[in-house]
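Step one of this worksheet: look at the structure below.
Small disclaimer: the values here were computed from a predicted structure and weren't measured. We name chains A, B, ... by the order of the sequence lines, and we start the count at 1 in each one.
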There are 2 protein chains.
Amino acid sequence: MSEVARPTLSDALTERMLELIRTGGHRPGDRLPSTRELSQRFAVTTPTLREALRRLEATGAIELRHGSGIYVGAAIERLVLPNPNMREIRTAQLLELLDARILIEPPLAALAARHAGSEELAALKHALDEASRHLGGEDAELHDANMTFHRATARMAGNSVLHEVVDSLLTVHGPEQREIQQIFDDRRRDHDEHLTILEAIEARDAARAEERMRAHLMDVKTVVEHRMKSPR
Amino acid sequence: MSEVARPTLSDALTERMLELIRTGGHRPGDRLPSTRELSQRFAVTTPTLREALRRLEATGAIELRHGSGIYVGAAIERLVLPNPNMREIRTAQLLELLDARILIEPPLAALAARHAGSEELAALKHALDEASRHLGGEDAELHDANMTFHRATARMAGNSVLHEVVDSLLTVHGPEQREIQQIFDDRRRDHDEHLTILEAIEARDAARAEERMRAHLMDVKTVVEHRMKSPR
DNA sequence: ACATATCAAGTGATCTAATCACTTAATGGC
DNA sequence: GCCATTAAGTGATTAGATCACTTGATATGT
């Protein structure tokens with residue numbers, strides 16, 4: 001199993017597609033040649049080409065739009081990806097995931113407090129405005145707004161790799177996050193904790209932003225642990 | 001582009017494959033039914049099935065072995081993956097990646113010092129023994145041993161999610177790591193720094209392990225920065 | 001009895017040629 | 001100018017076949 005399998009034609013096609021994207025200077029969103037043209041250009045049949053395309057699609061390098069064409073995907077420039085096949089997180093994994101966030105996100109909140117630009121700050125506020133608008137109602141929208149808040153904070157830190165890591169962690173346990181949101185005994189409390197993080201970032205108080213973020217995530221972890229001990 | 005594309009048959013097949021793996025209680029390495037059987041069972045043609053299989057293969061959920069069969073892949077249980085399409089890291093990204101490692105790996109070294117078990121410690125030592133054997137010779141082997149050291153340290157920390165993150169970061173910039181190894185002015189120095197980390201972990205000195213790891217990675221970053229300022 | 005070589009069966013990999021389903025742009029009518 | 005229809009181009013899938021590889025079984029030789 002440690003042996004490298006013999007390269008297939010489909011492997012070679014994947015490489016050639018990546019090269020075509022790179023040498024063509026294509027950016028995410030750019031349209032690529034059609035499958036008919038590509039299969040001709042590479043002298044292969046469309047089912048074989050499509051195998052390569054599906055592979056690239058699965059990793060976000062391209063998007064196939066039925067009837068429209070093939071487009072370069074946003075994830076082509078990423079280093080780290082969320083596993084798209086994750087359907088259910090084991091309980092032990094969930095706690096480890098929260099611990100990972102507890103290790104990574106507080107220092108990022110501190111960096112965000114140091115780097116805060118006005119546009120990014122506006123995005124952060126907007127996310128919390130959205131969240132506050134949904135406090136009394138829609139679960140999905142509240143959840144999205146809260147995740148946007150965490151993502152925006154990670155982005156503000158100015159390290160794209162760590163932002164990708166946080167994004168991946170948030171993405172991969174979206175369903176569990178929704179469940180956590182539902183068992184968190186006070187949506188208001190969650191929101192208030194987010195607000196204290198925002199205040200610290202606005203005040204450029206790195207230490208406080210870090211401490212607030214850590215307290216928030218540990219609060220979440222505590223709630224999850226309690227839930228695990230007394231499932232309802 | 002924010003619209004969810006219409007689900008294809010191939011999408012559905014991907015889901016059904018994941019379900020088959022899950023409900024079958026399959027573990028990584030287990031053999032799955034053949035493509036002929038699967039295409040019959042799912043009532044689709046083999047090119048369509050193969051699109052789904054390629055998608056799963058790209059994300060490590062399965063392995064296709066020509067002439068042998070389809071096997072469950074190790075990455076099926078992962079949350080975070082290295083982007084397999086990454087061929088070249090931009091310079092700015094490389095520094096951010098090193099910063100990400102500087103944020104994540106030192107606390108993991110501290111955790112490793114607290115959790116060190118005898119088997120894991122042996123693996124760590126083995127990695128450094130391997131590295132010392134290749135100090136005067138093979139680049140690839142030295143590189144592999146050094147990466148094994150970092151991976152083993154992250155694993156010892158006992159958080160599988162963070163281990164995946166570190167593994168992803170190390171995997172995705174393997175080529176750059178090799179280059180860094182070549183420009184690092186003293187292989188001995190690199191090795192010695194690894195040894196001080198090992199000593200701290202053996203001594204269960206969490207603070208020192210963390211400090212040694214941070215110093216080591218910042219040393220690496222410094223070298224890279226110098227290289228960027230005066231390319232050779 | 002054991003080791004080696006050969007063959008058969010089962011496996012993944014790719015092709016050919018076609019049809020189906022969707023999107024977008026162009027054209028015509030009001 | 002707006003709306004509806006049509007045509008062209010696009011991705012999605014099929015059916016049926018052949019090719020390339022692996023593994024296990026069988027036969028042969030020592």
Original post:
In whole angstroms, how far is the C1' atom of dT13(D) from the CG atom of L49(A)?
Top reply: 15 Å
Original post:
If you pin I70(A) and A43(B) to their nearest nucleotides in DNA chain D, which one's is more 5'?
Top reply: I70(A)
**OP:** Whole angstrom is fine here: how far is it from CD in E51(B) over to P in dA12(D)?
**Re:** 7 Å
Original post:
Quick one: Y71(A) OH to dT10(D) C1', roughly how many Å, whole number?
Top reply: 9 Å
**OP:** Verify the neighbour count for atom CD of E15(A): are there more than 12 heavy atoms of other residues, nucleotides or ligands below 6.0 Å?
**Re:** yes
Original post:
Please give, in whole Å, the distance from dA13(C) P to E63(B) CD?
Top reply: 12 Å
**OP:** Give every residue pair that meets the salt bridge (Lys or Arg N to Asp or Glu O under 4.0 Å) criterion with at least one member in residues 140-157 of chain A, sequence neighbours excluded.
**Re:** R151(A)-D167(A)
Original post:
Could you give all pairs that pass the salt bridge (Lys or Arg N to Asp or Glu O under 4.0 Å) test and reach residues 67-77 of chain B, with sequence neighbours left out?
Top reply: R27(B)-E77(B)
**OP:** Rounded to the nearest angstrom, tell me the gap between atom CZ in R50(A) and atom C1' in dA18(C).
**Re:** 15 Å
Subject >> Qualifying residues under salt bridge (charged side-chain N to carboxylate O under 4.0 Å, His left out), relative to R54(A), sequence neighbours excluded >> reply: E57(A), E51(B)
Original post:
Quick one: R31(A) CZ to dT23(C) C1', roughly how many Å, whole number?
Top reply: 11 Å
Original post:
Going 5' to 3' along nucleotides 15-21 of chain D, which nucleotides have protein heavy atoms under 4.0 Å from the base (write B), which only from the sugar-phosphate (write S), and which from neither (write -)?
Top reply: B----BB
Subject >> Any T48(B) side-chain nitrogen or oxygen under 4.0 Å from OP1 or OP2 of dT14(D) >> reply: yes
Subject >> Pairing residues for S34(B) by the side-chain contact (heavy atoms from CB on, under 4.5 Å) criterion, not counting sequence neighbours >> reply: R36(B), E37(B)
Subject >> side chain to side chain donor-acceptor pair (under 3.5 Å) against D99(B), all qualifying residues, sequence neighbours excluded >> reply: K221(B)
**OP:** Would you kindly compare R54(B) and E37(B) by the position of their nearest DNA chain C nucleotide and give the one closer to the 5′ end?
**Re:** E37(B)
Original post:
Do the two ring centres, one from H150(B) and one from H194(B), sit under 6.0 Å apart?
Top reply: yes
Subject >> Rounded distance in Å - CG (L13(A)) to P (dA13(C)) >> reply: 13 Å
Subject >> d(CG, L53(B); C1', dT14(C)) in whole Å >> reply: 15 Å
